[in-house]
There are 2 protein chains.
Amino acid sequence: MTERVVPPARRRRRRPTKQGVVLSEELIVATALRLISEHGAEALTVRRLGHALGADPSSLYRYFRNADDLMLAVADEMIGRVLREWRPGGDWRADLRDLGLRMHAGALSHPQATVLSAYRVTGRVHEIGAVEAILGVLRGAGFPDAEAVRIYHAFIDTTLGFAALDAGNAALPRAAREAEQRVWRETYAGLPEETHPHIAATVPLLAASMRGSAYPTALDMLLAAAAARLARVTREP
Amino acid sequence: MTERVVPPARRRRRRPTKQGVVLSEELIVATALRLISEHGAEALTVRRLGHALGADPSSLYRYFRNADDLMLAVADEMIGRVLREWRPGGDWRADLRDLGLRMHAGALSHPQATVLSAYRVTGRVHEIGAVEAILGVLRGAGFPDAEAVRIYHAFIDTTLGFAALDAGNAALPRAAREAEQRVWRETYAGLPEETHPHIAATVPLLAASMRGSAYPTALDMLLAAAAARLARVTREP
DNA sequence: CTTCACAGGTCAATGCTGTTGTCATAAGCT
DNA sequence: AGCTTATGACAACAGCATTGACCTGTGAAG
């Protein structure tokens, strides 16, 4: 049996589809991303993607082993777009802060795709590039290997976790999102001081805070803790 | 047109299915939870749930408007179970650590439900109780209101973010999860030192770390940063 | 004790979904 | 010019959530 998917390196022919489109891995991924951001995550089906490309759905299986494989390629492309614009400046804490904020923002610009891919390990070029870059920043800063790996893991998963959370919220249908805003302004604001003293005392602050993401706060706290560890480690090797 | 779903209050008849099972909302939710933990998240389909209950799949639509409605009922039951077991002991840092770990573990025990519900604001009793409790712990520890709210927000969203992330991974079909393990052991382990020095230098540590969740690490770093802030604030009011 | 409305279980059908075996054809190498 | 084979297309399959129509027996009312 010949393999259905031919590795990109061995591809030779660029045969157009009946509708005249020349398929490629890049075109498929780009179209998938467009489909997701235009019509929502549930719009991404093999059939619809084939239709949007002007190709038979089964043709996509010449490029990806299955739908999950395609999803990973989409996720990796998103990482790549963020990484391509990040320029580390030499200050580890500022660099990681910048990268984290960029990844979070990048994820939120395609919330539907983020919801489907934030928790995936792609093993593809861009993801590998990100791992190498972050580890490089941490090791370059003087973190011992074990500590660098621990902090890398906490950093990347905090970032991806917030990305998934905030993207999930952003991807909610309009009505549901507005209903949640109302919960803070009405349900929580109306709780009596006798039964819920702490909420009653802080509800204006609370409602204001919950409107935005806590990612910057969490990121800064994470980096502050990392800096404290680094100071302790470098003082007594 | 008569409504398919009859509100629980108006239910009267407990007619057994062909296989002699008397259905109820509670039985269906409990069976769904059992199905998820016994056979994995992907085992929860309307067809399989119907089969496990000994009823026609379409019967479930007499109790839930659709599959998502059923999932939310399952998620709601989970929240109740976690909060019912948490007992704060007076040490703010230990209490928050305990609650965070419990919430994370609870979410992971039913990943499918978590994926669909982690980013939602319910405004229901258990959620309100959690907000009040966490704010109480922080204010009781001496955090000023603004600081308490900031840390509350970072704490709860870090926890929910990791819950979503790790649950998303746990909810993956068996094959996909094993494929991701393989990526760390093979793809990352095989990268040459020349092009990826930092990964090559740390790959055993990396592969070991990525097997588990970084939540405990991230949580401890968050709490450490919070403690540092508290020390600074109480020193100079 | 009978009647009868209707809750609720079942069946069959619909239109999705991902996926694959098979075939046809044109691209590009020799 | 001819051959190989990459790659697009077609048709079919199993499994998915969901729904309209049907039918049965429960439980309350008279």
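Each chain gets a letter, A, B and so on, in the order the sequences are listed, and its residues count up from 1.
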Q. Who passes salt bridge (charged side-chain N to carboxylate O under 4.0 Å, His left out) against A/Arg120, sequence neighbours left out?
A. A/Asp68, B/Glu180
Protein and nucleotides 9-11 of chain D: nitrogen or oxygen contacts under 3.5 angstrom:
{"residue": "D/dA9", "atom": "OP1", "partner": "A/Lys18", "partner atom": "N", "Å": "2.6"}
{"residue": "D/dA9", "atom": "OP2", "partner": "A/Asp56", "partner atom": "N", "Å": "2.9"}
{"residue": "D/dA9", "atom": "OP2", "partner": "A/Ser59", "partner atom": "OG", "Å": "3.2"}
{"residue": "D/dA9", "atom": "N7", "partner": "A/Ser58", "partner atom": "OG", "Å": "3.4"}
{"residue": "D/dA9", "atom": "N6", "partner": "A/Arg4", "partner atom": "NH2", "Å": "3.4"}
{"residue": "D/dC10", "atom": "OP1", "partner": "A/Lys18", "partner atom": "NZ", "Å": "2.5"}
{"residue": "D/dC10", "atom": "N4", "partner": "A/Ser58", "partner atom": "OG", "Å": "2.7"}

Q. Under 4.0 Å between a Lys/Arg side-chain N and an Asp/Glu carboxylate O for A/Arg81 and A/Glu77?
A. yes
Q.
In this structure, how many angstroms lie between the C1' atom of D/dT4 and the CZ atom of A/Arg15, rounded?
A. 13 Å
Q: Measure the distance from CD on B/Glu25 to C1' on C/dG8 and round it to the nearest whole Å.
A: 14 Å
Q. Is A/Arg48 near enough to C/dT17 that one of its side-chain N or O atoms lies under 4.0 angstrom from OP1 or OP2?
A. yes
(Q) Rounded to whole Å, please give me the gap between CZ in A/Arg47 and C1' in D/dA12. (A) 10 Å
Q: From the options D/dC16, C/dT19, C/dG18, select the nucleotide whose nearest atom is closest to the side chain of A/Asn66.
A: C/dT19
(Q) How many whole angstroms separate atom CG of A/Leu60 from atom P of C/dT20? (A) 13 Å
**Q.** Residues in ring pair (Phe, Tyr, Trp, His ring centres under 6.0 Å) contact with B/Tyr188, at least two apart in sequence or another chain
**A.** B/Trp184
**Q.** Rounded distance in Å - OH (B/Tyr63) to P (D/dT19)
**A.** 18 Å
Q: List in chain and number order the residues that pass salt bridge (charged side-chain N to carboxylate O under 4.0 Å, His left out) with A/Arg47, two or more places apart in sequence or in another chain; answer none if no residue qualifies.
A: none
Q.
With a 3.5 Å distance limit and no angle check, can you tell me whether B/His153 reaches the backbone of A/Ser209 through a side-chain donor-acceptor pair?
A. yes
Q: Output all residues satisfying ring pair (Phe, Tyr, Trp, His ring centres under 6.0 Å) with B/Tyr215, sequence neighbours left out; order by chain, then residue number.
A: B/His104, B/Phe162
Q. To the nearest angstrom, how far is A/Leu44 atom CG from C/dC16 atom C1'?
A. 15 Å
Q. To the side chain of A/Tyr61, which of D/dC16, C/dT20, D/dA12 is closest?
A. C/dT20
(Q) Applying ring pair (Phe, Tyr, Trp, His ring centres under 6.0 Å), can you list everything that pairs with B/His110, at least two apart in sequence or on another chain? (A) none
Q. Taking CG from A/Asp69 and C1' from C/dG18, how many angstroms apart are they, rounded to a whole number?
A. 14 Å
Q) Roughly how many Å is it from CE in A/Met71 to C1' in C/dT17, rounded to a whole number? A) 16 Å
